[in-house]
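The chains referred to below are lettered A, B, ... by the order of the sequence lines, with proteins before strands, and numbering in each begins at 1.
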2 protein chains.
Amino acid sequence: MDDMKMELRHLRYFVAVAHEGHITRAAEKLRMQQPPLSQQIQALEREIDAALFVRHPRGVTLTDAGRAFLADAEAILGEVEHAKLRARRTARGEVGRIAVGFTTSAPFHPLVARAMREFRDTRPDVSFVLEESSSADMVSGLRDGRLDVAFIRSGLVDPEGITVHALLQEDTAVAFPAKHKLSKRPALALKEFSEETFILYRRPDGRGLYDVIIAACSEAGFSPHVGQEAPRIVSTLNLVAAGLGITIVPASLSRLPLEGVVYRPLKGKPALKVPLNLACRRDERSAATLAFIDLVRHLR
Amino acid sequence: MDDMKMELRHLRYFVAVAHEGHITRAAEKLRMQQPPLSQQIQALEREIDAALFVRHPRGVTLTDAGRAFLADAEAILGEVEHAKLRARRTARGEVGRIAVGFTTSAPFHPLVARAMREFRDTRPDVSFVLEESSSADMVSGLRDGRLDVAFIRSGLVDPEGITVHALLQEDTAVAFPAKHKLSKRPALALKEFSEETFILYRRPDGRGLYDVIIAACSEAGFSPHVGQEAPRIVSTLNLVAAGLGITIVPASLSRLPLEGVVYRPLKGKPALKVPLNLACRRDERSAATLAFIDLVRHLR
DNA sequence: CATCTTCATATCGTCCATATATGGTCCGAC
DNA sequence: GTCGGACCATATATGGACGATATGAAGATG
């Protein structure tokens with residue numbers, strides 16, 4: 001096996017001598033004496049097993065091997081500095097990647113877009129990896145490292161090792177077919193829909209808006225007539241567009257224009273609001289991720 | 001300015017610890033004790049000014065910065081080995097480049113082509129740089145390093161610092177217009193051309209075949225009638241094709257088919273031969289170049 | 001030929017990496 | 001809870017290597 005005695009010191013010395021063409025002068029620049037420099041160069045040549053310099057009575061010149069090695073040595077020294085800087089910047093959270101998970105409706109909220117935009121502005125070398133999936137999926141994603149943070153709609157019951165930061169309670173809107181009789185009204189209260197058919201969004205894992213809506217309706221004094229359930233929020237809206245019923249979505253989803261669907265703010269009592277939360281690992285270490293979490297919470 | 005205390009040792013230690021996930025176990029693999037390894041890792045972290053590992057009660061894991069640095073560190077260690085090997089191979093003449101100069105007529109001689117082919121076969125990583133110019137140009141090219149070796153036709157008077165190796169004396173051929181009255185004869189003697197007009201090749205620097213031909217003619221008992229001089233051998237042949245006279249060229253140039261030109265061997269006394277020589281630096285150091293010179297001389 | 005320049009060799013000192021010994025902390029077992 | 005084991009950090013000692021000083025050798029310069 002190779003002894004691996006070579007050190008960066010040898011490369012630095014070699015480069016200095018190669019540039020000066022003089023061992024003595026290079027020694028001055030290196031703030032050392034000439035004999036040890038000679039010795040280190042010799043040691044390097046022994047390790048490489050090739051002469052790097054031709055010794056002249058006036059200075060030294062590179063051999064072919066020396067010229068080849070000089071190019072490599074300078075590149076290596078540059079890479080070392082580069083690596084040092086990159087590691088430092090990574091530690092400071094200036095470079096890296098953050099894997100962000102979303103529930104379907106999260107990306108439409110301005111807070112989310114604004115957070116990502118502002119973060120990218122201040123730390124352009126941090127890249128985002130985006131993923132959309134269910135809340136349960138995202139929790140396991142956080143645990144096994146597939147995700148670093150996740151925007152979720154479900155409650156604050158912190159799963160083991162996960163912290164859920166409450167960001168805000170968002171107003172909701174009613175989505176109903178454009179030709180619906182109530183479509184002229186600027187805002188509506190929940191109880192006005194006691195006779196309507198509800199299209200509800202329900203994830204396979206059962207979390208999401210479902211429970212919140214049912215609870216609010218019962219508080220409003222009626223039990224909603226559920227016509228259909230769909231596993232994706234966009235599916236529910238398509239069903240609404242088809243005239244099969246109405247649904248309730250986070251207000252920010254009003255920004256999603258859909259042919260034949262009209263959104264109207266939901267007002268009055270009981271207030272039906274849905275949370276937007278940010279989930280992350282309790283023991284998060286990544287400076288970039290921590291900075292992102294911090295930004296989102298302060299933007300709230 | 002940076003203190004530059006980092007050494008390859010730190011990188012090797014770091015990589016070992018990163019792979020093992022244990023300082024103690026890595027120390028075993030490195031055939032050293034655990035405390036010094038801990039210290040060196042700490043020193044590295046101080047220099048980078050970032051934590052590379054998270055210390056757990058059971059081993060250590062990489063931080064983001066550590067992961068980034070690991071990739072770089074491994075690349076750097078690889079490059080170091082690569083540089084070492086490349087320098088060594090360059091010293092052995094297995095890689096590199098040789099700048100070869102030619103007089104116009106040299107590339108046509110089989111020795112030249114054969115030498116380059118055989119050399120490339122045994123040392124495929126040595127590349128050739130080719131250049132055609134005058135003898136004087138090539139001598140200066142050798143001196144200032146633009147060329148490493150040169151195939152020349154001129155004599156053996158070694159210019160200062162240059163060694164000229166005699167390779168061979170090549171037979172000559174007469175080139176004359178196809179419709180010339182002597183074109184049916186298989187071989188010809190010099191004295192048969194005493195009444196002909198000679199097109200002679202003369203370089204600006206005055207070297208080349210010129211003197212050799214004049215001398216041979218005078219030995220054959222006549223003074224040639226020189227109709228025209230041209231600076232390039234191909235020009236003389238074009239003038240021959242145009243019927244302006246005859247010329248004498250190295251026999252290997254017979255391989256250069258030219259419309260309207262017929263080559264015939266020049267035989268009899270006085271024997272008119274032209275040399276093919278190889279010029280190189282007397283103090284040549286490059287292993288690749290020395291090997292090429294050696295090959296050419298032994299191929300002779 | 002004397003001198004200067006420059007690189008190589010010799011010898012010595014000193015600092016730093018390593019070894020040994022010990023302490024601290026976390027975890028799991030009982 | 002307490003104990004013991006595993007692992008990393010700290011403290012101190014030591015040895016070897018890097019570097020400094022002194023000298024030698026070889027070629028250039030005048």
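Pairs of residues two or more places apart, or lying in two chains, that qualify as salt bridge (Lys or Arg N to Asp or Glu O under 4.0 Å) and include a residue from residues 49-63 of chain A are Glu45(A)-Arg55(A), Asp49(A)-Arg92(B).
Listed nucleotides dA19(C), dC7(D), dG19(D) differ in distance to Thr24(B); the shortest reach to its side chain belongs to dC7(D).
Between the CZ atom of Arg46(A) and the P atom of dA17(D) there is a distance of 12 Å, given to the nearest Å. Atom pair Leu30(B):CG and dA19(C):C1' shows a separation of 15 Å (rounding to whole Å applied). If you measure from atom CG of Leu37(A) to atom P of dT6(C), you get 14 Å, rounded to the nearest angstrom. In this structure, the NZ atom of Lys5(B) is 14 Å from the C1' atom of dA17(C), given to the nearest Å. In this structure, Asp283(B) places its CG atom 15 Å from C1' of dG27(D), rounding to the nearest Å. Summarising the geometry, the separation between CD1 on Ile41(B) and C1' on dC7(D) is reported as 15 Å, rounded to the nearest angstrom. Rounded to whole Å, the distance from OH on Tyr13(B) to P on dC8(D) is 16 Å. When rounded to the nearest whole Å, the span between CD of Glu47(A) and P of dA17(D) equals 14 Å.
A salt bridge does not link Glu7(A) with Arg12(A): none of the charged nitrogens is closer than 4.0 Å to a carboxylate oxygen. The pair Arg25(B)-Glu28(B) does not count as a salt bridge, with every side-chain nitrogen at least 4.0 angstrom from each carboxylate oxygen. A salt bridge does not link Arg285(B) with Asp64(A): every distance from a Lys NZ or Arg NE/NH1/NH2 to an Asp or Glu carboxylate oxygen is 4.0 Å or more.
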Tabulated below should be each protein N or O lying under 3.5 Å from an N or O of nucleotides 8-11 of chain C; please produce it.
residue : atom : partner  : partner atom : Å
dA8(C)  : OP1  : Arg55(A) : NE           : 2.5
dA8(C)  : OP1  : Arg55(A) : NH2          : 3.4
dA8(C)  : OP2  : Ser38(A) : OG           : 3.0
dA8(C)  : N7   : Gln34(A) : NE2          : 3.0
dA8(C)  : N6   : Gln34(A) : OE1          : 3.3
dT9(C)  : OP2  : Gln42(A) : OE1          : 3.3

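Contact annotation: Gln33(B) does not reach the phosphate of dT18(C) (side-chain N/O to OP1 or OP2, under 4.0 Å).
Annotation: Arg97(B), atom CZ; neighbour count of heavy atoms from other residues, nucleotides and ligands within 6.0 Å does not exceed 12.
Note that CZ of Arg281(B) is 8.5 Å distant from CD1 of Ile293(B), once rounded to the nearest 0.5 Å.
Where Arg31(B) and Gly59(A) meet DNA chain C, the nucleotide closest to each residue was compared, and Gly59(A) sits on the side nearer the 5' end. Toward the 5' end of DNA chain D, the nearer of the two residues His10(A) and His22(B), judged by each one's closest nucleotide, is His22(B).
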For nucleotides 23-30 of chain C, read 5' to 3', which letter fits each nucleotide if B means a protein heavy atom sits under 4.0 Å from the base, S means only the sugar-phosphate is that close, and - means neither?
-> ---SS---
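Shown here for Leu77(A) and Leu8(A), the closest heavy-atom pair between the two residues is CD2-CD2, 4.2 Å.
Of the possible polar contacts, one joining the His109(A) side chain to the Leu111(A) backbone as a donor-acceptor pair under 3.5 Å is found.
Note on Phe53(B): nothing from the nucleic acid sits closer than 4.0 angstrom, heavy atoms only.
Note: Phe53(A) and Phe14(A) have tilted aromatic rings, judged against thresholds of 30 and 60 degrees for the angle between ring planes.
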